[in-house]
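Working notes for the structure below.
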Amino acid sequence: MRVTVQPSFLIFWTILCLLDTQGLMLYFLPAAILHELGHFACLYALGGHAEELELNGAGAKIEMVLNGGYRADILTSASGPLANLLCACLCGCFRWEMSAGAHLILGLFNLLPILPLDGGRIAAALLEASPIGWRAQEYMLRWSQGCSILLFFVGVYFIMVTNNPALLFVGGYLTLNTCKITMGRLY
């Protein structure tokens, strides 16, 4: 498996760590690692394998080879957020509130139906299995563009209120990513 680290990953995490006066990254980094391990565990359990792991500004992207159609894609996509939600419950049982919160936030955020997030991959797989499957990617790209732009503006509001740029960066990255995918399809 090839691992690539994009400059956006280094910039995003460096800025977050520099601005993190409360030590929240100490909770989110393990949550992010366990999230990705959830994907890998499901992928290998279903007989697939990863060809590339790309670390970027929005997290990680796994290029995988997986047989089993849309069901396997849904299971593999859902396994990361599920790992976070299970860890949130476990951390909550031990009263590790900050760890539980980080897992909960990361798991629920990744379930948003925006490409390339896990929720977007799940929604795209469900649409592909439906009668409108031949237009699923087009619908998901348009939906993802609108949602990511909205997320960017919510991030602008949050940076003014909380001084935390995380949502602004993720919204901006998702907006640029969906625009890049759309431009690649048009030209």
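All figures in this text were calculated on a predicted structure; none of them were measured in a lab.
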Please report the shortest heavy-atom distance between [X] and [Y], naming the atom on each side.
| X | Y | answer |
| --- | --- | --- |
| Tyr173 | Ser8 | CE1-OG, 4.1 Å |
| Leu46 | Ala72 | CD1-O, 3.9 Å |
| Thr178 | Leu115 | CG2-O, 3.7 Å |
| Pro81 | Ser77 | CD-O, 3.2 Å |
| Ala102 | Tyr27 | CB-O, 3.6 Å |
| Gly38 | Ser79 | O-OG, 3.1 Å |

Does the [X] side chain pair with the main chain of [Y], one donor and one acceptor, at a distance under 3.5 Å?
| X | Y | answer |
| --- | --- | --- |
| Thr76 | Cys42 | no |
| Ser130 | Leu127 | yes |
| Ser148 | Gln145 | yes |

Value rounded to 0.5 Å, distance of [atom1] in [X] from [atom2] in [Y]:
| X | Y | atom1 | atom2 | result |
| --- | --- | --- | --- | --- |
| Asn67 | Asp73 | CG | CG | 12.0 Å |
| Glu36 | Leu43 | CD | CG | 11.5 Å |
| Leu90 | Leu85 | CG | CG | 12.5 Å |
| Met140 | Arg121 | CE | CZ | 11.0 Å |

Ring geometry between His35 and His39 (parallel below 30°, tilted from 30 to 60°, perpendicular above 60°):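 Correct class here is perpendicular.
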I'd like to know if [Y] and [X] are part of one continuous hydrophobic network [Ile/Leu/Val/Met/Phe/Trp/Tyr, side-chain heavy atoms within less than 4.5 Å].
| X | Y | value |
| --- | --- | --- |
| Leu104 | Met98 | no |
| Leu24 | Phe169 | yes |
| Met64 | Tyr70 | no |
| Ile11 | Val5 | yes |
| Leu34 | Phe9 | yes |

If we only count heavy atoms from C-beta on, is the [X] to [Y] side-chain gap below 4.5 Å?
| X | Y | value |
| --- | --- | --- |
| Leu151 | Phe109 | yes |
| Met1 | His49 | no |
| Leu167 | Tyr157 | no |
| Glu54 | Gln6 | yes |
| Leu86 | His103 | no |
| Leu18 | Met25 | no |

Qualifying residue, where the test is side chain to side chain contact (heavy atoms under 4.5 Å, CB included) with Asn84 and the options are Asp118, Leu108, Leu111, Leu106: Leu106
More than 12 heavy atoms of other groups within 6.0 Å of Tyr44 OH: yes
Trp13 atom CH2, neighbour heavy-atom count above 12 within 6.0 Å: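 Yes, because the 6.0 Å sphere around CH2 of Trp13 holds more than 12 heavy atoms from other groups.
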Worked check of side chain to side chain contact (heavy atoms under 4.5 Å, CB included) between Lys61 and Glu52: CA-CA 8 Å; Lys61 178 181 167 189; Glu52 181 180 4; over 6 Å; no
